[in-house]
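Okay, so here's the structure we're looking at.
In the text below, chain A, chain B and the rest are named by the order of the sequence lines, each starting its count at 1. Keep in mind that the numbers below use all heavy atoms, side chains included, and drop hydrogens, waters and symmetry copies.
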Amino acid sequence: MKYDFAAIEPKWQKRWEEAKVYAAADHSDKPKFYGLVEFPYPSGQGLHVGHPRPYTAMDIVTRKKRMDGYNVLFPMGFDAFGLPTENYAIKNHIHPAKVTKDNIKNFTSQLKMLGFGFDWDRVVDTTDPSYYKWTQWIFLQLYKKGLAYKATMPVNWCTSCKCVLANEEVVEGVCERCGAPVVRKEKSQWMLRITQYAQRLIDDLDELDFIERVKIQQRNWIGRSTGAEVTFKSTAGDDIVVFTTRPDTLFGATYMVLSPEHELVKSWLEAGKLHNADEVAAYQKAAASKSDLERTELNKEKTGVCLDGVRGVNPVNGREIPIFISDYVLSTYGTGAIMAVPAHDDRDWEFAKKFGCEIIEVVSGGEDVQKAAFTAKDETGVLVNSDFLNGLTVKDAIPAVTKWLEEQGIGEAKVNYKLRDWVFSRQRYWGEPIPMVYCGKCGWQPLPEDQLPLLLPEVESYEPTDDGESPLSKMTEWVKTTCPRCGGEARRETDTMPQWAGSSWYFLRYMDPHNDTALASKEALDYWSPVDWYNGGMEHTTLHLLYSRFWHKFLYDIGVAPTKEPYQKRTSHGMILGEGGEKMSKSRGNVVNPNDIVAAYGADTLRLYTMFIGDFEQAAVWSDNAVKGCKRFLDKVWNLAESCADSLEHTKANEALLHKTIKKVADDIEAMKFNTAIAAMMTLVGDFQKNGCSKGDMRTLVTLLSPFAPHVAEELWEMLGGAGFVCQQPWPAYDERKTAADTVQMAVQVNGKVRSNIVVPADADNDAIIAAAQADPKVQKFTEGMALARTVVVKGRLVNLIVKPQ
RNA sequence: GCCGGUGUGAUGGAAUUGGUAGACGUAGCGGAUUCAAAAUCCGCCGGGCUAAUCUCCCGUGUGGGUUCGAGUCCCACCACCGGCACCA
């Protein structure tokens, strides 16, 4: 018989489905294991080779867990709201729901074709009303707790998608999705107060088993910095509050800078206090019209205008100092105002040089501050020109001055975060409707929960409008409603939620996907929480991963979720690149379609190859040629199974390696080193070919192989007379004692250089090993006439003789 | 600029975490089988020296260092990739 993957694979997929071997039990005496992969966006192109890599990896992990006796939950679903579907629908005049349905169908069959052990009874679809009912429900809870609010503010506006973007969706000043320029636009938006969770999102990382780069990236994104808020006076009598991380340098503040949007500037202009009002207004206007891209590109040259008519007063010494406006101070961070200390801040220094401001050294220990700012924040700097702070190090001066400011009532310690609140409105059709109603009398009112889900209405056109309104705004009949509070005439919110909404809690829905009275039952949540291991892309670190941690913490706070954190462990895979080492893309024409590989070599070969291609965490380059090696390996296994000896005993010659391999494959799966696990099995097969092998040997091999290549493993298991499914067998036991051979080969070094090899009994003691080494003629060539000064023995590896001339 | 990551044969990558560098796989070369090809099997496959050998010499981005011993640790640099970017 031949290894006929085209017949075998569908056969076993069908049998697995019939026997429901991958269904997770709601109740079980076994320990639970919840393995999760990021659910795909069901695009029209179908699966590409990027998908199988993380899916196969977690499939292997969860299959191994099942064999280890866990009750495993390994679910799959579809994150189906989003722009591509909507754009496709617009172009082809098909309803997005229909497009989504077709795409999901296609994705499902492709995923099944690859033999993943998903529990298909638990599929979720974020666009299904029975699902988004609960997305809307969570929004209402956020609203009720004051964590969702409507605010008019400058937001990121994608000129091509005609839609608002979250900060996280703007990459280098352009839209993450389409690459079009992003501009600032004043809009009234729903916002989520993620900033209220900033500290907890940082702190709780400590308890989690996330790979370090994910933690670092999240911490950096949240961007905590500690310092103080200090109140300056203006000569016009106002308080100007500034934030600084360096309160110790207060005596060196020689001017102030307000962001162009600062409200004090507005009020001074209106009150006619500024003699150069025209110049100031012109600068404000120019700053407002700059896109993010222009802001970042122009960040080399500092610009600004000095306010003529109002000055600031430094509270520590009563000195009057000039006030500027400049767009290097952001209105959205801190208080939108700074004290400038050019001697000890690079940006202030640069600005001071350009505008001729005074530079006063208050921390000694650096070079001449007229030539460059001295910014060290450690013990190297000592305070000078600073009255009561003189002589203190920077480290000591910061708490000292903070305490003093608090006593004087002119300042206090303060923590700031770079993280901004989450802009939650999108002016598009294909998203969850925001369940809010605006009444002229009562203001914004939440929809009563019994009216959920608030269904997306059928519309004629999904086109976004140029005036920045959602397509839903044209649905006058849908928009018109009554106020839940007073019963009067009211309008529905016409913006929809962003793509990230549905994915912020989907892992909870898998625990109890058909529940109609709660997002999931308490029992299911208690049993399955948290996700034990979640693998996904690095690109979601500051988006989905952060958002869903935020939502989950909120659900924990209101008593819905049982754990503080949603995911115990997070790992991340590298991308698969095209053959040239470039990103796969349609325009480059280097996209590999999994269907083609499955047709030519079978799903097992594809699975094996995507795991063998390289280090799982590292990017890897696709190679059509190397796929063949994996197919050959499976062919060899097949041929061995057909020709092996009938005995169920292990062959003596293979025993040591067999036991080593059992251990190695198990350890490597846990460490996600799938490539070396496969290499170890290849080595074992090489030994089987050399030494011959028995049915017993082959059964063990096939069991080890089954998480990686489940179809062929099932077929061979059956062929070798195994009972039941191989995927339901326990992981083979290995015997530590049997992994050791009787004798070992050791390298002999003389002064650190390998000169020979000796074979000694595995249990030989150091003296015996040294004696054997010294007896070796090749070694003697180098030790002759020398005195042995020292020996180093590494059991089972090498012996090093250190000799000196006599 | 700041924060991460990576750098090893022709090539994808291994290396028990300080212990014989190049496992395993591709590609290549030689042989067996075949009328022939495919498939399969066996052997070779970093560089140098050599007629050929020999753990003889060199070799893990570069230059130093620590160590009996360094791909692995330390210091200084170079190149590429990713993230952030006027966050006071």
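- With a 3.5 Å ceiling on both atom-pair distances, the Watson-Crick or G-U wobble partner of B/rG7 is B/rC78.
- What separates CD of A/E617 from C1' of B/rG5 is a distance of 11 Å, to the nearest Å.
- Considering only side-chain N and O atoms, A/S225 lies under 4.0 angstrom from the phosphate OP1 or OP2 of B/rA88.
- Nucleotide B/rU6 is shown with an anti base, its glycosidic torsion being more than 90° from 0.
- Straight-line distance from the NZ atom of A/K215 to the C1' atom of B/rG5: 18 Å, rounded to whole Å.
- Candidate nucleotides B/rC24, B/rG19, B/rU20 were compared by shortest atom distance to the side chain of A/T683, and B/rC24 ranks first.
- Considering only the side chain of A/K636, B/rC41 comes nearest among B/rU20, B/rC41, B/rG4.
- Atom CD1 of A/I613 is separated from atom P of B/rA14 by 12 Å (rounded to the nearest Å).
- For the pair A/R797 CZ and B/rC68 C1', the interatomic distance rounds to 17 Å; values are reported in whole Å.
- For the P atoms, the distance linking B/rG12 with B/rG61 amounts to 14 Å, nearest Å.
- Base contact: A/R420 has a heavy atom under 4.0 Å from a base atom.
- Which of B/rA88, B/rA23, B/rC84 sits closest to the side chain of A/W221 comes down to B/rC84.
- Computed from coordinates, the A/K628 NZ to B/rA27 P distance equals 6 Å when rounded to whole Å.
- Across B/rA88, B/rG25, B/rU40, the shortest atom-to-atom separation from the side chain of A/V329 is found for B/rA88.
- The CG atom of A/N416 sits 4.5 Å away from the OH atom of A/Y333 when rounded to the nearest 0.5 Å.
- Nearest to the side chain of A/Y333, among B/rA88, B/rC41, B/rU20, sits B/rA88.
- If you take CG of A/L798 and P of B/rU55, they are 17 Å apart, rounded to a whole angstrom.
- B/rG46 and B/rG71: their C1' atoms are spaced 15 Å apart (whole Å).
- None of A/F708, A/W622, A/F633, A/F674 except one satisfies the ring-ring contact (aromatic ring centres under 6.0 Å, His included) rule with A/Y609; the exception is A/W622.
- A distance of about 11 Å separates the C1' atoms of B/rU26 and B/rG13, rounded to the whole Å.
- Pair assignment for B/rU16: none, as no Watson-Crick or G-U wobble contacts are both less than 3.5 Å.
- In this entry the base of B/rG47 is anti relative to its sugar, with a glycosidic angle more than 90° from 0.
- Both cation-pi conditions hold for A/K302 and A/Y328: the charged atom is under 6.0 angstrom from the six-membered ring centre and inside a 45 degree cone around its axis.
- Searching all strands for a Watson-Crick or G-U wobble partner of B/rC44 with both distances below 3.5 Å returns B/rG28.
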Exercise for the section: Given salt bridge (charged side-chain N to carboxylate O under 4.0 Å, His left out), test A/E617 with A/K673 step by step and report yes or no. Expected result: CA-CA 9 Å; A/E617 291 199 34; A/K673 296 174 82 170; over 6 Å; no
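- On the P atoms, B/rC58 is 12 Å away from B/rA21, given to the nearest whole Å.
- Atom NE2 in A/H573 sits about 14 Å away from atom C1' in B/rG82, given to the nearest Å.
- Taking only side-chain nitrogens and oxygens, A/R632 comes nearer than 4.0 Å to OP1 or OP2 of B/rA27.
- Annotation: B/rG25 and B/rC41 have their P atoms spaced 11 Å apart (nearest Å).
- Under the Watson-Crick or G-U wobble criterion, with both distances below 3.5 Å, B/rA52 has no partner in any strand shown.
- Here, B/rC24 and B/rG9 have their C1' atoms 15 Å apart, quoted to the whole Å.
- When Watson-Crick and G-U wobble pairs are counted only if both distances are under 3.5 Å, B/rC84 pairs with B/rG1.
- Rounded to the nearest Å, the gap between the P atom of B/rU60 and that of B/rU20 is 16 Å.
- Among B/rC68, B/rC86, B/rU55, the nucleotide with an atom closest to any side-chain atom of A/S756 is B/rU55.
- In this entry the distance linking CZ of A/F782 with C1' of B/rC54 reads 10 Å, nearest Å.
- The side chain of A/M682 lies closest to B/rC24, out of B/rC24, B/rA88, B/rC57.
- As rounded to the nearest Å, B/rU62 and B/rU72 have P atoms that lie 11 Å from one another.
- In this structure, B/rC73 forms a base pair with B/rG65, meeting either the Watson-Crick or the G-U wobble geometry with both donor-acceptor distances under 3.5 Å.
- Of the listed nucleotides (B/rA27, B/rA14, B/rG69), B/rA14 has the atom at the smallest distance from the side chain of A/T676.
- Contact check, A/R213 against B/rG5: no side-chain N or O comes under 4.0 Å of OP1 or OP2.
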